[in-house]
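Quick notes on the structure that follows.
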Protein chains: 2
Amino acid sequence: MGLIVTLNDVAKLANVSKMTASRVINHPEQVTDELKQLVFKAMKELNYQPNFAAKALAANTTRIIKLIILEKVDTVEPYYATLLMGVAQFLNSHQYALQVVTQKNAGIGDCDGYIITGARRDDFEWINELNRPTILFGENRHQYDFVDSDNKYGTFLATSAAINDGYEHIIFFGIDLKESFEYSRERGYMDTMQKAGREPQIVRFSNHSSQSQNYIQEHWQSFEKNTCFICSSDRLAIGVERGIQHMNGQIPEEFGITGFDGVFLDQISEPKLTTVKQPVMEMGSKIAELLLKKITWALPLDEDHHPNRTNRIEVVFSPELIRRQTTRNYHLN
Amino acid sequence: MGLIVTLNDVAKLANVSKMTASRVINHPEQVTDELKQLVFKAMKELNYQPNFAAKALAANTTRIIKLIILEKVDTVEPYYATLLMGVAQFLNSHQYALQVVTQKNAGIGDCDGYIITGARRDDFEWINELNRPTILFGENRHQYDFVDSDNKYGTFLATSAAINDGYEHIIFFGIDLKESFEYSRERGYMDTMQKAGREPQIVRFSNHSSQSQNYIQEHWQSFEKNTCFICSSDRLAIGVERGIQHMNGQIPEEFGITGFDGVFLDQISEPKLTTVKQPVMEMGSKIAELLLKKITWALPLDEDHHPNRTNRIEVVFSPELIRRQTTRNYHLN
DNA sequence: ATTGGCGATGTTATCGGTAACAAGTTCATT
DNA sequence: AATGAACTTGTTACCGATAACATCGCCAAT
């Protein structure tokens with residue numbers, strides 16, 4: 001009669017004990033096919049939905065995952081908002097709550113696992129102290145599991161496309177940050193240029209469109225026509241685009257531009273940016289999925305055995321070159 | 001010795017029963033001050049953190065809130081991402097899980113309450129069937145509780161600023177949508193113009209920057225200098241800005257532009273947009289706060305009494321005019 | 001002195017699910 | 001036929017918190 005269908009109701013209808021019904025869900029191999037069918041039928045008939053609060057309580061679990069964002073960026077930044085959506089989507093469908101932590105107040109309150117993005121060298125001191133499964137967003141040298149995108153491959157895609165499109169000069173606009181993602185992007189550019197026998201040239205800025213725009217305008221005479229700018233972010237690319245337009249350069253014929261990230265920003269410029277798109281949402285989902293898997297492996301909590309000292313998990317996503325109107329041949333897309 | 005501090009531990013340390021400790025949290029008026037102090041002291045000493053799974057289970061509650069986004073927009077859209085952040089922030093700090101639902105598959109799975117955004121006339125058929133507390137984002141004629149921003153006041157701010165800044169012609173660029181937020185924005189413009197004895201002029205577009213940009217470029221001759229464009233979104237405003245720049249108009253001296261929303265987009269244009277900023281994040285938090293309040297009122301679930309038929313809650317936030325570089329006098333900010 | 005009422009506190013059962021253990025079957029082995 | 005290993009199913013206790021009920025002590029009214 002109650003609004004809520006419990007395992008008990010299912011068990012009664014199937015003429016088995018509550019425990020058997022539970023086993024059908026958690027250890028199906030321990031139950032005979034015959035009973036399994038009966039239980040499945042009853043579950044369907046009653047539209048059984050497991051109660052996750054009860055599950056959590058029985059398993060001594062919080063069903064809370066903390067996402068720790070260490071960069072000083074605004075959470076409104078579409079990149080992080082998108083990542084967060086990906087994480088949230090997966091966690092929600094598994095009835096986990098997501099807690100977003102922007103400072104280092106991660107200590108308060110228990111949780112089942114951590115996702116950390118933007119960790120720097122000094123951070124690993126306290127990250128090492130975390131006694132719950134943890135996965136990082138972004139590669140690291142500390143043997144931590146991580147998910148990342150293949151940055152080197154991304155700039156390889158952009159650079160070789162620029163070469164194939166016939167641009168004679170190809171300049172890299174990088175972000176002035178000592179982060180490994182930036183190193184990888186620059187390496188992808190360098191390697192591709194060297195293999196093609198081209199002379200590389202790198203300039204770096206803080207990641208604001210006004211920086212790259214000013215640079216373009218102030219050094220306009222030094223840029224020959226038939227040049228492509230490989231940018232390490234869509235922000236820098238937008239600045240380049242505005243600078244070229246301001247100086248009345250022709251895009252994409254005289255000057256090409258490629259961005260990097262492909263999250264929202266690339267679509268609001270005019271003409272629309274050719275960019276290296278990261279599957280940010282999928283990466284968010286993946287990291288959540290891996291973390292949940294890790295959590296169920298690690299249970300029950302083994303006090304002697306640190307949860308983050310197993311075989312390393314590394315998942316690297318391949319970005320994709322989206323050809324649009326800031327490079328030649330965009331119609332070939 | 002256990003890692004988790006329970007109410008029982010607190011009770012033991014305070015030399016009271018578990019029930020008394022529980023009452024200190026939920027019905028403090030039933031406990032003498034003396035015992036209350038003891039319990040508080042014990043809670044602090046042990047750093048007690050309530051177990052929400054247990055709470056949920058005992059209260060026959062899911063601790064899940066569903067956010068139903070009915071517009072066909074991308075969830076990557078910064079506006080919705082920001083709203084979501086606001087909702088998530090509040091829910092997280094109260095240990096509620098947020099489920100984001102984009103289609104009408106809201107039926108599956110139980111929850112404690114709904115937040116709905118973008119509801120249209122036809123939607124109220126099924127919204128009426130929801131038997132859990134519900135709050136809408138955006139005003140409505142159906143007696144539903146809602147949170148919204150004061151759109152009329154927003155365009156009043158923008159329009160009167162344009163008048164004060166000395167623009168002679170003031171044109172409204174609206175969104176071609178039969179939604180009440182758009183009506184309110186247009187009314188705010190109209191009323192302000194009429195009171196000032198100015199002649200209003202409204203043009204409408206679908207909400208893409210290319211639309212307004214094309215319009216500006218194609219009708220360039222018809223715009224006299226000393227005109228300000230009051231736009232119903234930052235997207236349209238960006239298009240206007242690009243159009244004017246393309247035609248070599250001077251911003252803000254010859255032409256002024258104001259946007260609407262103030263979520264991310266306003267900051268990536270060059271020059272930066274003057275805009276009517278909505279406190280979207282705060283609105284998200286507020287709507288979550290109201291919903292949780294409503295949920296605790298409504299408990300225990302009263303089968304005869306529909307949860308959405310009480311005195312109406314209406315919370316309207318005032319937007320703020322952010323003066324930047326697309327209108328005159330921006331240095332007065 | 002007995003009774004009754006009230007406020008403060010403790011006891012029990014319960015929410016829905018699962019681990020640990022107990023009990024019952026079947027079947028091969030001696 | 002007796003023994004027991006292997007497998008299947010049921011029973012009990014418990015996760016942490018709370019509502020409902022029971023109990024206790026105190027004081028006023030008879």
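Protein chains get the first letters and strands the later ones, always in sequence-line order, with residue 1 at the start of each.
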With a 4.0 Å limit, can you tell me whether [X] has a side-chain N or O closer than that to the phosphate oxygens OP1/OP2 of [N]?
| X | N | value |
| --- | --- | --- |
| Thr20(B) | dG10(C) | yes |
| Ser22(A) | dG16(C) | no |
| His27(A) | dT8(D) | no |
| Ser17(B) | dG10(C) | yes |

Problem - Salt bridge Arg120(A)-Asp123(A), side-chain N to carboxylate O under 4.0 Å - result: no
Practice task
Salt-bridge test for Glu282(A) and Lys286(A): reply yes if a basic N is under 4.0 Å from a carboxylate O, no otherwise.
Solution key: no
Rounded off to whole Å, could you give me the [atom1]-to-[atom2] distance for the [X] and [N] pair?
| X | N | atom1 | atom2 | answer |
| --- | --- | --- | --- | --- |
| Asn15(B) | dT9(C) | CG | P | 13 Å |
| Asn51(B) | dC14(D) | CG | P | 18 Å |
| Asn60(A) | dA17(D) | CG | C1' | 14 Å |
| Gln30(B) | dA20(D) | CD | P | 11 Å |
| Leu57(B) | dT14(C) | CG | C1' | 9 Å |
| Ile4(A) | dC15(C) | CD1 | C1' | 9 Å |
| Lys18(A) | dC15(D) | NZ | C1' | 12 Å |
| Arg63(A) | dG17(C) | CZ | P | 12 Å |

Exercise for the section: Under 4.0 Å between any heavy atoms, over every strand shown, what does Leu7(B) touch: base, sugar-phosphate, or nothing? Just pick one. Expected result: sugar-phosphate
Practice task
May I ask you to say what Phe52(B) touches in the nucleic acid, namely base, sugar-phosphate or nothing, with a heavy-atom cut-off under 4.0 Å?
Solution key: nothing
Problem - Minimum-distance nucleotide (side-chain atoms of Lys55(B) versus dT11(C), dT18(D), dT9(D)) - result: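 Out of dT11(C), dT18(D), dT9(D), the nucleotide with an atom closest to Lys55(B)'s side chain is dT18(D).
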Exercise for the section: Report the nucleotide, chosen from dC15(D), dT11(D), dT9(C), that has the shortest atom-to-atom distance to any side-chain atom of Ala58(A). Expected result: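 Closest nucleotide among those given: dC15(D).
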Exercise for the section: Assess whether one donor atom and one acceptor atom, taken from the side chain of Arg23(A) and the base of dG17(C), lie less than 3.5 Å apart. Expected result: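 No, the side chain and the base share no sub-3.5 Å donor-acceptor pair.
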Problem - 5'-most by nearest nucleotide on DNA chain C - Ala54(B) or Ile25(A) - result: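 Looking at DNA chain C, the more 5' nearest nucleotide goes with Ala54(B).
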Handout entry: Spacing of Thr20(B) atom OG1 and Leu38(B) atom CG [to the nearest 0.5 Å]
Key = 11.0 Å
Exercise for the section: With sequence neighbours excluded, tell me which residues meet side chain to side chain contact (heavy atoms under 4.5 Å, CB included) with Gln89(A). Expected result: Met281(A), Ser285(A)
Handout entry: DNA chain D: 5'-proximal contact among Thr32(A) and Met19(B) (nearest heavy atom)
Key =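 Comparing both residues, the 5'-ward one is Thr32(A).
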Handout entry: Whether Tyr144(B) and Phe124(B) hold their rings parallel, tilted or perpendicular, with breakpoints at 30° and 60°
Key = tilted
